[in-house]
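Contents: one structure, followed by commentary.
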2 protein chains.
Amino acid sequence: MSDITELLLDAAADLLAARGFHGLRMIEVASRAGVSRQTVYNEFGNKEGLVQAVAVHKTEEYLSGVMTRLQDDPDPWEAMRSAFRFTFEQTEKDRLVSAVLTGQNAEDLLPFITIRGHPILFHATEVVEQHLSRHFPGRHVRFTAETTVRLALSHLIMPSGDLDGAMDAVVKVARATMDT
Amino acid sequence: MSDITELLLDAAADLLAARGFHGLRMIEVASRAGVSRQTVYNEFGNKEGLVQAVAVHKTEEYLSGVMTRLQDDPDPWEAMRSAFRFTFEQTEKDRLVSAVLTGQNAEDLLPFITIRGHPILFHATEVVEQHLSRHFPGRHVRFTAETTVRLALSHLIMPSGDLDGAMDAVVKVARATMDT
DNA sequence: GTCTTTACAAAAGCAATAAACGTGTAAAGG
DNA sequence: CCTTTACACGTTTATTGCTTTTGTAAAGAC
């Protein structure tokens, strides 16, 4: 990815979070990145392409953060806890991440938040599945992966107020469903 | 509840599903129920009151259906399956029920779908909790109840396409978390 | 070659106006 | 208890022109 491309994506992400899709101006994205309006069009085709690219970029950023945390802790459940803590923090910090993951509050932020019909968070299921496979080789882990992702998503959309409790709940269910 | 009140609630529910909150006309509700516009105001105060009443009514209707199904089957897990099947069917059939339960697609349907900040579906947690307590007296069932409701809701919001699979998943998790 | 400048048509948004409609309240009557 | 009638108020809707923005293209600069 070129240098300018990254500058444009960052600028677009900022402006998108601040003004929404509707209020996003191509010329403003360009000037923030220090390039001309046409460069933006050369790079992304049109406004939809730009916003789609922002969504993809944010998703990759988030998923790479999750993978890092899953790999950093030797204990599989602590790693999971860490990854979910990261997820909660990200959604609290970044409206765009929140929109990409949950599809909530996406009214004027991302008209194109889904890939193949599902919110992009469902890509996370595969990441969790690989994580579990690494620690429990040969076991059937897909069900546990999907369940934990769905549960974590549920806590994102409808917080119980207690973050630690939510994480405990997710891990507890993960462990319980591994024994089935 | 008076006869006219019920007629009004039904008329309002129909029109609300068809035209949304914004497009709902008080005079249309009145004429469908065969009464004057003022009768609607006498009964519900204003438009918000009417729509709020519709939401409460739909919720009670739904929850009573759930309770019936939970009580009708002697096997606790089959009863749960039946209740969730009922839930899925209802949300597919009725946009309003769907809005009340999930809060999705509620943009112009129900501005007041939450009670104390939570979508009304979370009342279902208590119903499920009572159901489990009946079959497993003395056991700690709250966690399982909340988890199954969250999971069912997740399948409502993001269907996997396979209804039987979704029900199996919910019940499987319910059983697994009961053994913790 | 890549980016910028300039130019331009088509679409979409904005501001101001007036007309029509819907809400909510009140009072009199059946 | 419900209906009819009336009314003030706020909110849509439609219309009109005006401005902005999008998206494309071609010529020039580093």
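Values reported hereafter were calculated over all heavy atoms of this structure, with side chains retained and with hydrogens, waters and symmetry mates removed. Letters go in sequence order (proteins before strands), and every chain restarts at 1.
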- Message: Let me test you: for the helix from C:dG1-D:dC30 to C:dG30-D:dC1, what is the angle between the axes at its two ends (five pairs each), rounded to 10 degrees?
- Response: 60°
- Does any donor-acceptor pair link the side chain of B:R37 with the base of C:dG24 at a separation under 3.5 Å? yes
- Message: Apply side-chain contact (heavy atoms from CB on, under 4.5 Å) to residues A:D75 and A:H135 and explain how you reach the verdict.
- Response: CA-CA 9 Å; A:D75 177 67; A:H135 286 275; over 6 Å; no
- Item | Nearest-nucleotide pick for B:Q38, side chain only, options being D:dT22, C:dC3, D:dT4 | D:dT4
- For residues A:V51 and A:L109, report the shortest heavy-atom separation together with the two atoms involved. CG1-O, 4.2 Å
- Query: Is the shortest side-chain N/O distance from B:T39 to OP1 or OP2 of D:dT3 below 4.0 Å?
  - Reply: yes
- Message: For the aromatic rings, using the six-membered ring if either is Trp, is the centroid distance between A:W77 and A:F136 under 6.0 Å?
- Response: yes
- Out of D:dT3, D:dT24, C:dG13, which nucleotide sits closest to the side chain of B:N42? D:dT3
- Proximity to the side chain of A:K47 - top-ranked nucleotide from C:dT25, D:dT3, D:dT22: D:dT22
- Item | A:E43 CD - C:dT4 C1' separation (whole Å) | 15 Å
- Counting distance only, does the side-chain N/O of B:R69 pair as donor-acceptor with the main-chain N or O of B:S82 below 3.5 Å? no
- Message: Less than 4.5 Å apart, side chain to side chain, heavy atoms only: is that true for A:Q90 and A:L101?
- Response: no
- Main-chain N/O of B:V171 paired to B:R81 side chain as donor or acceptor, under 3.5 Å: no
- Distance, rounded to the nearest Å, where B:F44 contributes CZ and C:dG24 contributes P: 14 Å
- Query: Which of residues 23-36 of chain B have a heavy atom under 4.0 Å from DNA chain C?
  - Reply: B:L24, B:R25, B:M26
- Does one hydrophobic cluster hold both A:L50 and A:Y41, with members joined at side-chain heavy-atom distances below 4.5 Å? yes
- Rounding to a whole Å, what distance do you find between A:N46:CG and C:dA12:P? 13 Å
- Query: Is there side-chain contact between B:R25 and B:L15, with heavy atoms separated by less than 4.5 Å?
  - Reply: no
- Query: A:Y41 has an atom OH; how far is it from atom C1' of C:dC8, in whole Å?
  - Reply: 14 Å
- In numerical order, the residues of residues 2-14 of chain A whose heavy atoms come under 4.0 Å of DNA chain D are none
- Message: Does A:D3 have more than 12 heavy atoms from other residues, nucleotides or ligands lying within 6.0 Å of its CG?
- Response: no
- Item | Integer-rounded Å distance: D:dT11 P and B:F21 CZ | 13 Å
- Task: Could you state the atom-to-atom distance from NE2 of B:H22 to P of C:dC21 in whole Å?
- Result: 15 Å
- Item | Flag for A:T39-A:S36: side-chain donor and acceptor within less than 3.5 Å | yes
- Item | Check: B:L153 and A:M158 side chains under 4.5 Å, non-hydrogen atoms | yes
